[in-house]
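Notes to accompany the following structure.
First the proteins, then the strands, lettered A, B, ... as listed; each starts at 1.
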2 protein chains.
Amino acid sequence: MNEARNPDRLSSSGLRFTPQRRHVYHILLQSRDHPAANEVFMRAKKGMPEISMATVYNCLEALVRRGLVRQVNVDRTATRYCPNLEQHCHFYCETCGGIFDVDYDAAGIQSRVTLPEEFSMSQLEVAVRGLCAGCAARKSGRGRKRAEASAP
Amino acid sequence: MNEARNPDRLSSSGLRFTPQRRHVYHILLQSRDHPAANEVFMRAKKGMPEISMATVYNCLEALVRRGLVRQVNVDRTATRYCPNLEQHCHFYCETCGGIFDVDYDAAGIQSRVTLPEEFSMSQLEVAVRGLCAGCAARKSGRGRKRAEASAP
DNA sequence: CTTATAATAAGAATTACTCTAAATATTGAC
DNA sequence: GTCAATATTTAGAGTAATTCTTATTATAAG
């Protein structure tokens with residue numbers, strides 16, 4: 001394939017389209033589960049065993065700077081990365097730790113925040129916490145079949 | 001004063017009402033500028049010179065667990081602490097780094113997030129970024145008087 | 001007063017980056 | 001293609017903000 005001669009958004013935005021950056025970007029696109037840098041590193045090593053952690057951080061930062069990837073921070077856990085450019089916010093499952101993209105009405109939400117005089121908004125972020133569908137099913141199933149197993 | 005015999009929300013919620021915890025809590029209530037732990041530590045040392053950093057972290061965690069204080073995380077900078085129990089969200093000034101409490105319509109916002117089937121929400125958080133009033137004034141003032149000074 | 005339990009203090013340890021410097025790769029000009 | 005200029009990669013050291021450990025001290029219940 002001649003991806004290098006047929007540059008996608010990476011190189012056309014002024015970023016050098018190196019094999020490492022392409023590889024990291026493709027890893028994010030392939031499994032949209034919001035991996036942290038060390039998870040990206042482990043996946044990246046499979047197809048590119050010599051890649052270093054520093055390069056993974058470097059690539060992720062480059063992708064973020066170019067707007068191809070968003071950072072997702074949940075409390076003080078490791079930053080996770082999201083290649084979904086559609087408008088969305090993030091849902092964090094308190095049981096499994098998974099992050100999910102969810103739809104929201106950004107304009108409607110923005111209009112429901114009352115900034116003080118002379119303040120101006122450049123960006124608004126919504127973070128939702130709760131229980132994801134998979135964990136809800138797992139909990140109710142376990143509750144019916146063997147309730148004793150779920151208490152610590 | 002007999003605060004120890006006339007317990008406030010700290011001790012009545014099962015938390016030991018130690019001098020250190022009271023002191024840390026009062027520091028947060030006195031200046032509502034969302035200090036990070038090391039700032040709380042520096043302020044705490046003024047009235048209690050022997051207090052340790054570990055104790056400041058311990059006290060802050062205890063207050064958070066009791067719901068008297070909220071943690072505020074902005075990207076991966078140090079966690080900051082907010083004793084405002086009123087419903088509000090946080091505004092982060094990208095110029096001065098200050099955090100400000102702002103009003104919002106939590107219910108209206110919540111209804112504008114569309115969770116997938118079987119997902120349930122336990123908490124929703126809104127973070128706003130932009131320019132605060134003070135920095136806006138400073139910038140326009142400087143812009144008019146000596147524009148050359150603001151470029152790096 | 002005594003005993004059980006919890007909190008404090010000091011410092012070591014850990015996590016998730018972030019920086020540094022040398023080696024390597026890529027791009028643009030010939 | 002070849003070469004210089006510039007950017008990127010790598011490995012490892014360094015850092016900030018916690019987090020943990022252990023001995024000491026304080027508090028609360030009896």
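A close approach under 4.0 Å does occur between a side-chain nitrogen or oxygen of T79(B) and OP1 or OP2 of dT18(D). Phosphate contact (OP1/OP2 of dA26(D), side-chain N/O of Q20(B), threshold under 4.0 Å): absent.
T77(B) comes within 4.0 angstrom of no nucleic acid atom, judged by non-hydrogen atoms across all strands.
No side-chain heavy atom of L131(B) sits less than 4.5 Å from a side-chain heavy atom of S122(A).
Listed by chain and residue number, D75(B) satisfy the side chain to side chain donor-acceptor pair (under 3.5 Å) test with R129(B) (two or more places apart in sequence, or in another chain). Partners of S52(A) according to the side chain to side chain donor-acceptor pair (under 3.5 Å) rule, which considers only residues two or more places apart in sequence or in another chain, are T55(A). Scored by the side chain to side chain donor-acceptor pair (under 3.5 Å) test, T95(B) finds K139(B) as partners (sequence neighbours excluded). Every residue two or more places apart in sequence or in another chain that forms a ring pair (Phe, Tyr, Trp, His ring centres under 6.0 Å) with H90(B) is listed here: H34(B), H88(B). Contacts of Q87(B) classified as side chain to side chain donor-acceptor pair (under 3.5 Å), with partners at least two apart in sequence or in another chain: none. Remark: F91(A) engages F119(B) in a ring pair (Phe, Tyr, Trp, His ring centres under 6.0 Å) (not counting sequence neighbours).
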Under 3.5 Å, side-chain donor or acceptor atoms of residues 56-63 of chain A against the rest of the protein: list the pairs with distances, not counting sequence neighbours.
unit_1	atom_1	unit_2	atom_2	d
N58(A)	OD1	R21(A)	NH2	3.1
E61(A)	OE2	R65(A)	NH1	2.5

Extract all donor-acceptor atom pairs below 3.5 Å that involve side chains of residues 35-45 of chain B and protein atoms in other chains or at least two apart in sequence.
unit_1	atom_1	unit_2	atom_2	d
E39(B)	OE2	R43(B)	NE	2.8
E39(B)	OE2	R43(B)	NH2	3.3
R43(B)	NH1	S31(B)	OG	2.7
R43(B)	NH1	D33(B)	OD1	3.1
R43(B)	NH2	D33(B)	OD2	2.7

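In this structure, the nucleotide among dT9(D), dA17(D), dA7(C) sitting nearest to the side chain of C59(A) is dT9(D).
Rounded to an integer number of Å, the gap from CZ of R66(A) to C1' of dA7(D) is 13 Å. In this structure, N58(B) atom CG and dA26(D) atom C1' are separated by 13 Å, rounded to whole Å. Nucleotide dT18(D) holds its C1' atom 17 Å from the CZ atom of R80(B), rounded to whole Å. Atoms CZ (R22(A)) and P (dT8(D)) sit 14 Å apart, rounded to a whole Å. Rounded to an integer number of Å, the gap from CG of L60(B) to P of dT18(D) is 10 Å. Rounded to whole Å, the distance from CZ on F41(A) to C1' on dT18(C) is 16 Å. A straight line from CZ of R76(A) to C1' of dC17(C) spans 11 Å, rounded to a whole angstrom. What separates CD of E61(A) from C1' of dC19(C) is a distance of 12 Å, to the nearest Å.
Between its opening and closing five pairs, the helix from dC1(C)-dG30(D) to dC30(C)-dG1(D) changes axis direction by 40°, a value rounded to 10 degrees.
Hydrophobic clustering keeps Y92(A) apart from V72(B) (ILVMFWY residues linked when any side-chain heavy atoms are closer than 4.5 Å, directly or through intermediates). Linking Ile, Leu, Val, Met, Phe, Trp and Tyr residues whenever their side-chain heavy atoms come within less than 4.5 Å leaves V74(A) and V64(A) in two separate clusters.
Nearer the 5' end of DNA chain D, as judged by each residue's closest nucleotide, is the contact made by V56(A), out of Y57(B) and V56(A).
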Give me the distances for all protein-to-nucleotides 23-30 of chain C N/O pairs that come in under 3.5 Å?
none

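Residues from residues 44-55 of chain A placing a heavy atom under 4.0 Å of any atom in DNA chain D, listed by number, are E50(A), I51(A), S52(A), A54(A), T55(A).
Sorted by first and then second residue, the salt bridge (charged side-chain N to carboxylate O under 4.0 Å, His left out) pairs with a member in residues 110-126 of chain B read D105(A)-R112(B); sequence neighbours excluded.
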